[in-house]
Amino acid sequence: RHPRPRVSRRPTSIRRRTEAMTMNLIPGVESTGSALAAEKIRLEIIAQNIANANTTQDKDGNVYRRKEVAFEEYVTSPDRRIPGYVDENLYRGVKVTDVYDDMTPGRFIYNPSHPHADENGMVEMPNVDPSREMVDLISASRAYEANLTVVKTSRRMAQQAIAIGK
């Protein structure tokens with residue numbers, strides 16, 4: 001004898017209404033998650049810049065260039081965007097659109113014994129300023145922490161909403 005499959009006894013109209021009333025218990029997590037991922041990439045690029053602050057030649061023989069990250073808002077349907085109005089179905093967060101080289105020139109130092117010195121004894125150093133990188137590192141770290149706090153707060157609110165429903 002086979003057990004009978006469970007079938008919902010609710011009328012179809014009630015099932016549709018119930019499905020339409022489902023809500024997102026943790027709003028903003030998708031966009032916050034994208035911001036966490038973007039800030040993680042930014043932190044990795046800053047760490048790469050700091051690590052290469054004294055790299056006078058890369059594999060192609062060029063001096064290391066400081067890298068920067070470009071962010072862009074991630075919108076599902078940009079044509080539906082209305083200025084001044086936030087539609088939660090449109091905005092999905094932030095994304096990294098590019099990691100590009102900072103083309104400002106590096107400084108030159110006199111070091112005739114350096115293997116990469118030119119005929120005048122000058123060596124071009126990377127355009128990486130460690131103090132600027134540390135400021136960027138603190139900024140990226142704080143942005144990451146702020147987004148992490150949003151996730152934790154949203155989770156706590158969802159737990160409280162579920163507790164109220166019990």
Among pairs that include at least one residue of residues 108-127, which meet salt bridge (Lys or Arg N to Asp or Glu O under 4.0 Å), considering only residues two or more places apart or in two chains?
Arg65-Glu124
Any residue meeting side-chain hydrogen bond (donor to acceptor under 3.5 Å, both in side chains) with Thr56, in chain and number order, not counting sequence neighbours:
His116
In terms of heavy-atom contacts, Lys67 and Val99 come closest through CB-CG1, 4.2 Å
If you count every heavy atom of other residues, nucleotides or ligands that lies below 6.0 Å from Asn54 atom CG, does the total exceed 12?
no
Phe71 reachable from Tyr100 in the ILVMFWY side-chain graph, under 4.5 Å edges
no
Tightest non-hydrogen contact, residues Ala53 and Pro130, listed as CB-CG, 4.5 Å
Taking all heavy atoms of Ser34 and all of Gly93, pick out the closest pair and write down the distance.
OG-CA, 3.2 Å
Is there a path of hydrophobic side-chain contacts, each under 4.5 Å between heavy atoms, that joins Val69 and Val94?
yes
Could you tell me if the side chain of Asp98 sits less than 4.5 Å from the side chain of Glu72, heavy atoms only?
no
Residues clustering with Ile109 (ILVMFWY side chains joined when closer than 4.5 Å, directly or via others):
Val123, Met125
Taking side-chain hydrogen bond (donor to acceptor under 3.5 Å, both in side chains) as the test, write out the residues that go with Thr97, two or more places apart.
none
Transitive ILVMFWY cluster of Tyr64 at side-chain heavy atoms under 4.5 Å: who else is in it?
Val128
Who passes side-chain hydrogen bond (donor to acceptor under 3.5 Å, both in side chains) against Gln159, sequence neighbours left out?
none
Give me the other members of the hydrophobic cluster that Phe108 sits in, counting Ile, Leu, Val, Met, Phe, Trp and Tyr linked by side-chain heavy atoms under 4.5 Å, directly or via other members.
Tyr110, Met122
Under the side-chain hydrogen bond (donor to acceptor under 3.5 Å, both in side chains) test, which residues partner Lys95, sequence neighbours left out?
none
Rounded to the nearest 0.5 Å, how far does CD of Glu133 lie from CD1 of Ile45?
10.5 Å
d(Thr149 OG1, Lys152 NZ) to nearest 0.5 Å is 6.0 Å
Clusters formed by hydrophobic residues whose side-chain heavy atoms approach within less than 4.5 Å: which one holds Ile164, and what are its other members?
none
Tell me, with the steps shown, if Asn62 and Gln57 meet side-chain contact (heavy atoms from CB on, under 4.5 Å).
CA-CA 5 Å; Asn62 301 317; Gln57 255 188 10; over 6 Å; no
With sequence neighbours left out, what residues match Asp129 under salt bridge (charged side-chain N to carboxylate O under 4.0 Å, His left out)?
none
Check side-chain contact (heavy atoms from CB on, under 4.5 Å) between Thr104 and all other residues, then give those that pass, not counting sequence neighbours.
Asp102, Asn127
Hphob cluster co-occupancy, Leu43 + Ile50, side-chain heavy atoms under 4.5 angstrom:
yes
Value rounded to 0.5 Å, distance of CD1 in Ile41 from CD in Glu39:
10.0 Å
Would you list the atom pairs, donor with acceptor, under 3.5 Å between side chains in residues 136-144 and any protein atom, with sequence neighbours excluded?
from: Asp136; atom 1: OD2; to: Arg66; atom 2: NH2; distance (Å): 2.8
from: Ser139; atom 1: OG; to: Arg42; atom 2: NH2; distance (Å): 3.3

Between atom CD of Gln48 and atom OG1 of Thr55, what is the distance when rounded to the nearest 0.5 Å?
9.5 Å
